[in-house]
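It should be emphasised that the depicted structure is a prediction, and the values quoted were computed from it without experimental measurement.
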Amino acid sequence: MSADIDPTEAIPQVTAEMIAKTAARQAPSPAVEPKPEARPQTAAPTASPLLSATRPDTSRARLPQAASLTSAERDAPEKSRPEKKVTEQPAAPDAALPEQPGSSPFVASEPYSERHFSAGHIAAGHLASLVQIPTVSSWDPQYIDHDAFARHRAALAAFYPRVHALQSEPSGDHGLLYRWPGRGRQDVLHPYPVVLMAHQDVAPVQGMVWTENPFSGEVRDGAVHGRGTLDDKGSLVAVLDAVETLLGEGFVPERDIWLFFGADEETAGESAQIAVRRLYELGVRPWLVIDGGGAVVTEAFPGLGRQTALVGVAEKGLVGVDLYTTGVGGHAATPGRHTATTRLARAVTRVGRRRYAARVNAPTVDMLERVAPSTTGLKGMFFRMVTRAASGPFRKLAALALARSGPEASAMVRTTVAVTELEGSAAANVAASSARAHLDIRVALGETVDRTVARLRRTIRDKRVEIEVVDSSEPSEVSPTDSQQFALLSEAIGASYPDAVVAPYVTLTASDARTFTPISDHVYRFSPFAMTRAQRQSIHGAGENLSVDSLGRGVHFYREVLRKIPG
């Protein structure tokens, strides 16, 4: 994941992607054969694997037939299986909520109290231990520390024995997928379950100036410190502590709960793709999916003195582009006029000078309209003016106002391009015969990957610059805010953060959540933690930390979600 919440730095702050996601253990009888190289193994778990006879009970609801693997295909190694495309499925039906005019249709909220704060201290101990295990992601498989992931699974099994006893199976090399059966027959899947997500992997720490050991997990000054506290082991612990304590109380959810904890969210997200294919094969259509992404922020909007709980309802698209140039190399003492590096520099400069057009999208208008009524003062007056323009005939003016308010707000309303890597000669006195630049492009809602790349070609205006798209994904679908699911999230947030204004927003960075949109229309991205601007900036940076109070409120948030899920 990455940082991204601050709806208005630009207005002054907008987005800083908050992270979330969680973990679990290695399951028995894996459906995927181990790879040839030796891998450290944890003790064989006692939990039973996900049932083979777990197709949804069609007497509960009608379900479209999903593609499934044959026994021969399932026994084959994962990478040799035929690819099963996950296609869009019909929407899950709304829950049949009782009519209670003038009151919430969900169970009553349990206010956050000293008891929940104490639970946060227990969760902080779990988080501190997990942070000390460096489950760092890498695009290069040879640099993945498989032993660290094995130790991480073992720690999860020790901290959460009841969760460890649930039906489960692996998802890729280190991803984890659990099923907590809801009311009804345990051997029959609920066709419309709830999925809670988090990821075990963390971003690298190289090249950053930490004043302490980034994997210390030290608890001091009321916070847990270290890489992954916010992105995303904090969410993982909050989910698991909530489920573990409810299991201990004998609580049974109204419908099945699936827990997915990815292990490569910071890179390829393959474990999430495997989990989605598995759920698709089982024929389930999640009624609600919650992943990390938004957070409870302060000073995010001008004139707003209250906290704002930003819930991601969509994600921008992502395009990774390599620019290549070639030229006559040789000794640096006799360089040619148009070298590979000067041609590349010209292309990069042109890209930096030409920004994509600013446009206000529907989720951003919704966000502004929900926040504006609570703003005060001169800044609040300006904010309300921008809001009226965004929802009226002057949308372009509102987009320009946001685009000029700061980098976060600008990123909300336009496609962005960042040059992240540059390569040239391998020696100081050698003229490069080839050069490369990598562009990280985030595609705004309403745009497409093809149109974005076509505009990039027009901007560079040089056929001798090779443009290669190395990876891409379109902007995600937008999850609705006028739904039972969003109302449930709002109530759970209100129980943990009663003063917060709940608003949707577009997540600027990529997460595992986008993988679930083909099988669910209600995918939301929210990390239930209060984060200052400094904390948001520490995600993928130095000094990452999560307060014990926020962690306790995060555990309470997930308990409330699980308690409120309708049948």
Side-chain angles (χ1 to χ4, degrees), residues 1-3 37 134 136-146 148 201-211 214-215 227 264 266-270 317-356 407 411 415-443 449-450 452-473 509-510 537 539-543:
M1 286 225 87
S2 344
E37 60 267 32
V136 180
S137 279
S138 174
W139 287 97
D140 190 336
Q142 68 175 320
Y143 293 117
I144 296 175
D145 187 344
H146 298 286
D201 58 313
V202 301
V205 298
Q206 288 83 357
M208 302 169 196
V209 182
W210 286 72
T211 58
F215 297 104
R227 171 61 87 226
D264 51 10
E266 300 289 0
T267 54
E270 183 180 355
L318 174 64
V319 187
V321 173
D322 278 340
L323 305 182
Y324 292 101
T325 56
T326 58
V328 178
H331 202 289
T334 57
R337 182 178 178 184
H338 297 294
T339 64
T341 50
T342 56
R343 187 176 299 281
L344 180 67
R346 185 174 65 180
V348 168
T349 300
R350 287 175 174 172
V351 170
R353 287 176 177 170
R354 292 283 303 277
R355 291 192 170 188
Y356 286 75
T415 295
T416 60
V417 183
V419 181
T420 57
E421 296 176 344
L422 290 169
E423 292 180 1
S425 172
N429 61 348
V430 176
S433 59
S434 64
R436 180 186 75 92
H438 183 79
L439 309 182
D440 184 289
I441 305 175
R442 304 297 168 128
V443 184
V449 169
D450 286 345
T452 299
V453 174
R455 186 186 184 282
L456 181 68
R457 295 184 188 278
R458 293 195 301 271
T459 299
I460 292 174
R461 305 192 314 274
D462 189 340
K463 293 182 179 180
R464 287 167 292 186
V465 177
E466 181 184 349
I467 300 175
E468 179 185 350
V469 176
V470 294
D471 59 79
S472 68
S473 62
T509 54
Q537 292 172 344
I539 296 171
H540 285 211

Practice task
Could you list the residues that satisfy side chain to side chain contact (heavy atoms under 4.5 Å, CB included) with Ala333, not counting sequence neighbours?
Solution key: His331
Practice task
Applying side chain to side chain contact (heavy atoms under 4.5 Å, CB included), name anything that partners Thr267, two or more places apart in sequence or on another chain.
Solution key: Ser137, Trp139, Asp264
Handout entry: Ser425 versus Val430, closest heavy-atom pair with distance
Key = OG-O, 2.7 Å
Problem - Counterpart residues, side chain to side chain contact (heavy atoms under 4.5 Å, CB included), relative to Arg455 (two or more places apart) - result: Arg354, Tyr356, Arg458, Thr459
Exercise for the section: Could you grab the distance from atom CG of Asp201 to atom CD1 of Ile144, nearest 0.5 Å is fine? Expected result: 9.0 Å
List, one per line, each side-chain donor-acceptor pair under 3.5 Å for residues 322-330, sequence neighbours excluded.
residue : atom : partner : partner atom : Å
Asp322  : OD1  : Arg436  : NH1          : 2.8
Asp322  : OD1  : His438  : ND1          : 2.8
Asp322  : OD2  : Tyr324  : OH           : 3.3
Thr325  : OG1  : Ala340  : O            : 2.7

Handout entry: Partner residues of Arg350 under the salt bridge (Lys or Arg N to Asp or Glu O under 4.0 Å) criterion, sequence neighbours left out
Key = none
Practice task
Test Leu456 against Leu439 for side chain to side chain contact (heavy atoms under 4.5 Å, CB included), laying out the working first.
Solution key: CA-CA 10 Å; Leu456 181 68; Leu439 309 182; 3.9 Å; yes
Problem - Gap separating the CZ atom of Arg355 from the OG1 atom of Thr415, nearest 0.5 angstrom - result: 12.5 Å
Exercise for the section: Please name the pair of heavy atoms, one in Ala203 and one in Arg227, separated by the smallest distance, quoted to 0.1 Å. Expected result: O-NE, 3.0 Å
Problem - By side chain to side chain contact (heavy atoms under 4.5 Å, CB included) - contacts of Asp471 (at least two apart) - result: Leu318
Exercise for the section: Please test Val136 against Asp145 for side chain to side chain contact (heavy atoms under 4.5 Å, CB included), starting from the C-alpha separation and ending with a verdict. Expected result: CA-CA 7 Å; Val136 180; Asp145 187 344; over 6 Å; no
Handout entry: Minimum heavy-atom distance Gly541-Trp210, with the two atoms named
Key = O-CZ2, 3.4 Å
Exercise for the section: Could you tell me whether the side chain of Thr342 and the main chain of His338 form a donor-acceptor pair under 3.5 Å? Expected result: no
Completion exercise
When every non-hydrogen atom of Arg442 is compared with those of Asp440, the smallest separation belongs to NE-OD1, 2.6 Å
